There are 2 protein chains.
Amino acid sequence: MNKEELVIAGFRDLFNKLVWLNKSKMEDSLKGYKSSEVHCIEYIGRNEDSNGTKLVESFYMTSGAISKMTKKLIKKGIIESYQKPDNKKEIYFRLTPQGKAIYEIHEELHKEFQERDKAVFEQVTEEQFDSMLSFVEKYSRHLDAEIKKLGADIKSESRDS
Amino acid sequence: MNKEELVIAGFRDLFNKLVWLNKSKMEDSLKGYKSSEVHCIEYIGRNEDSNGTKLVESFYMTSGAISKMTKKLIKKGIIESYQKPDNKKEIYFRLTPQGKAIYEIHEELHKEFQERDKAVFEQVTEEQFDSMLSFVEKYSRHLDAEIKKLGADIKSESRDS
DNA sequence: ATAGTTTTCCTTCCTTGTCAACAAAATAAT
DNA sequence: ATTATTTTGTTGACAAGGAAGGAAAACTAT
């Protein structure tokens with residue numbers, strides 16, 4: 001394995017561990033709420049006027065899945081939907097008081113996780129942070145371009161048929 | 001968001017993109033095979049004497065899921081199982097010729113992805129690689145320790161009841 | 001104005017993964 | 001040697017997400 005593969009594989013494994021561990025802790029503290037639901041609550045709590053499309057884009061999930069999840073959260077009384085007077089198509093979401101309570105607990109947990117991992121991050125220098133961030137940014141932009149290309153390909157294909 | 005969160009969130013988003021994009025390309029080239037199946041083929045192809053437990057550990061999936069996936073792959077004729085003369089419990093897997101063919105195509109695709117992203121990685125210096133790798137390693141070890149702790153917690157809990 | 005196109009959201013069916021209970025082999029304890 | 005515990009793998013009920021197709025609102029040509 002070259003270094004390129006090592007970095008990718010290393011980060012993938014790291015993320016798997018992190019997600020698994022935090023998920024366990026989360027579902028322990030927030031009993032009754034799944035980590036995917038909490039993730040959704042987090043997003044809606046942080047972003048004013050979230051709607052289905054925004055959730056689809058940031059979660060890399062299909063619109064069908066988002067539709068079902070939001071419906072379930074509404075049924076549970078965790079979020080509520082609303083519309084704007086000049087737009088009858090888009091449906092926005094906001095947290096209910098119950099949702100806000102969960103959001104707060106989640107924030108606390110988040111701080112707990114940071115505290116847990118402090119020892120690791122304390123050893124990272126500013127230069128290392130900046131270097132990693134610049135790498136992430138460059139790679140991310142590159143992939144955006146590739147995804148855009150793929151989108152164009154799909155369109156040109158469908159034009160043939 | 002502090003730098004710590006930026007790095008984590010940045011990598012998470014980067015990975016989501018990478019997985020989504022490669023998955024699309026993969027299911028385009030290897031029509032009929034799901035990316036999860038290919039992932040499994042890749043692991044079995046690379047690791048001599050893979051068994052269920054090894055797959056569970058490296059995929060962070062439940063043993064039920066692994067059991068079903070391997071059964072499906074056997075049914076499709078992509079992998080085959082075998083046992084060792086001195087152990088009637090453990091079941092090992094290896095690729096069939098058909099599985100090996102898929103493995104080869106996957107390897108080709110992998111090279112294609114590397115070619116696609118070459119421009120990004122060429123800009124990364126040796127020092128940056130090493131710095132990222134050391135970060136991944138440290139963090140990973142830290143999480144291993146935390147996961148171990150959690151395992152101990154679970155055990156002590158069940159001892160109470 | 002209105003006819004086509006795109007965006008946004010929903011529904012149904014299917015696949016995949018989790019959970020929990022279980023069985024059998026291997027290992028440990030007495 | 002016998003019994004208890006752990007490891008390994010399986011199964012069935014259930015939940016989550018994807019795919020495909022559809023409907024209504026919004027946009028964009030004429």
Side-chain angles (χ1 to χ4, degrees), chain A residues 16 19-20 23-24 26-28 31-41 44 49-76 79 81-93 151-152 154-155 158-159 161, chain B residues 16 19-21 23-24 26-28 31-40 44 49-76 79-93 151-152 154-156 158-159 161:
Chain A
N16 281 338
V19 167
W20 187 86
K23 199 180 122 169
S24 301
M26 203 121 85
E27 294 181 348
D28 212 41
K31 282 196 204 300
Y33 303 102
K34 296 287 161 56
S35 77
S36 58
E37 294 174 357
V38 176
H39 192 191
C40 191
I41 292 166
I44 293 173
D49 289 344
S50 323
N51 66 347
T53 308
K54 298 245 189 72
L55 290 170
V56 165
E57 282 167 2
S58 64
F59 288 7
Y60 292 83
M61 273 166 55
T62 59
S63 57
I66 295 294
S67 177
K68 277 184 268 188
M69 179 157 56
T70 51
K71 277 210 150 197
K72 200 174 55 179
L73 289 175
I74 289 172
K75 209 170 172 183
K76 283 193 178 187
I79 64 174
S81 64
Y82 62 97
Q83 292 193 296
K84 300 200 174 180
D86 54 340
N87 189 320
K88 286 170 191 165
K89 190 173 58 165
E90 291 172 4
I91 296 169
Y92 299 91
F93 303 107
I154 289 167
K155 272 185 188 157
S158 64
R159 215 174 284 139
S161 64
Chain B
N16 282 338
V19 167
W20 187 87
L21 181 59
K23 198 179 122 167
S24 300
M26 203 121 84
E27 293 182 348
D28 213 40
K31 281 196 206 301
Y33 304 101
K34 297 288 163 55
S35 76
S36 58
E37 295 174 355
V38 176
H39 191 192
C40 191
I44 292 174
D49 289 343
S50 324
N51 65 346
T53 307
K54 298 248 190 71
L55 291 169
V56 165
E57 282 166 2
S58 63
F59 288 8
Y60 292 84
M61 274 167 52
T62 59
S63 57
I66 296 294
S67 176
K68 283 179 210 171
M69 178 155 57
T70 51
K71 276 208 151 198
K72 200 175 58 180
L73 289 175
I74 289 172
K75 207 171 174 184
K76 283 193 177 187
I79 65 174
E80 59 190 10
S81 63
Y82 62 96
Q83 292 192 298
K84 299 200 175 181
D86 54 340
N87 190 319
K88 287 170 188 164
K89 190 173 58 164
E90 293 173 1
I91 297 169
Y92 298 89
F93 304 107
I154 289 168
K155 271 185 191 157
S156 67
S158 65
R159 215 173 287 140
S161 64

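These numbers come from a predicted model, not from an experiment.
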Query raised in the report: Just one of B:Met69, B:Met61, B:Lys34 clears the side-chain contact (heavy atoms from CB on, under 4.5 Å) bar with B:Cys40, so which one?
Result: B:Met69
Would you mind classifying the nucleic acid contact of [X] as base, sugar-phosphate or nothing, using non-hydrogen atoms under 4.0 angstrom?
X: A:Thr53; answer: sugar-phosphate
X: B:Gly52; answer: sugar-phosphate
X: A:Lys68; answer: base
X: B:Lys54; answer: nothing

[X], nearest nucleotide to its side chain (from [options]):
X: B:Ser36; options: D:dT10, C:dG17, D:dA26; result: C:dG17
X: B:Lys72; options: C:dT16, C:dC9, C:dA26; result: C:dT16
X: A:Lys89; options: C:dT16, D:dA25, C:dA26; result: D:dA25
X: A:Asn51; options: D:dG18, C:dC9, D:dT10; result: C:dC9
X: A:Ser67; options: D:dT11, C:dT8, C:dC10; result: C:dC10
X: B:Glu37; options: D:dG9, C:dT16, C:dT8; result: C:dT16

Requested in this report: Considering just the side-chain nitrogens and oxygens of A:Lys34, establish if one lies under 4.0 Å of OP1 or OP2 belonging to C:dT18.
Outcome: no
Query raised in the report: According to a strict under-4.0 Å criterion, is B:Asn87 in side-chain N/O contact with OP1 or OP2 of C:dA25?
Result: no
**Report entry** Straight-line distance of B:Ser58 OG to B:His39 NE2, nearest 0.5 Å
**Finding:** 7.0 Å
Report summary line: Separation between OG (A:Ser50) and CZ (A:Phe93), nearest 0.5 Å, reads 8.5 Å
Could you tell me the separation between the [atom1] atom of [X] and the [atom2] atom of [N], rounded to a whole number of Å?
X: A:Leu55; N: D:dG17; atom1: CG; atom2: C1'; value: 15 Å
X: B:Lys75; N: D:dT10; atom1: NZ; atom2: P; value: 14 Å
X: B:Lys88; N: C:dA23; atom1: NZ; atom2: C1'; value: 16 Å
X: A:Glu90; N: C:dC10; atom1: CD; atom2: C1'; value: 16 Å
X: B:Trp20; N: D:dG17; atom1: CH2; atom2: C1'; value: 16 Å
X: B:Ile66; N: C:dT16; atom1: CD1; atom2: P; value: 13 Å
X: A:Lys84; N: C:dT7; atom1: NZ; atom2: C1'; value: 16 Å
X: A:Met61; N: C:dT15; atom1: CE; atom2: P; value: 20 Å

Query raised in the report: Counting only heavy atoms not in B:Lys88, do more than 12 fall under 6.0 Å of its NZ?
Result: no
Query - Exercise: identify the closest heavy-atom pair between A:Tyr92 and A:Gln83 - result: CD1-CA, 4.5 Å
Query - Closest-nucleotide ordering on DNA chain D, the 5'-leading residue of B:Ala65 and B:Glu27 - result: B:Ala65
Requested in this report: For D:dA23, give its Watson-Crick or G-U wobble partner with both distances under 3.5 Å, or none.
Outcome: C:dT8
Query raised in the report: Can you tell me the Watson-Crick or wobble partner of D:dA29, both distances under 3.5 angstrom?
Result: none
Query raised in the report: Would A:Asp49 and A:Lys54 satisfy salt bridge (Lys or Arg N to Asp or Glu O under 4.0 Å), going step by step from the backbone distance to the final call?
Result: CA-CA 9 Å; A:Asp49 289 344; A:Lys54 298 245 189 72; over 6 Å; no
Query raised in the report: DNA chain C: A:Lys23 or A:Tyr92, which has the more 5' nearest nucleotide?
Result: A:Tyr92
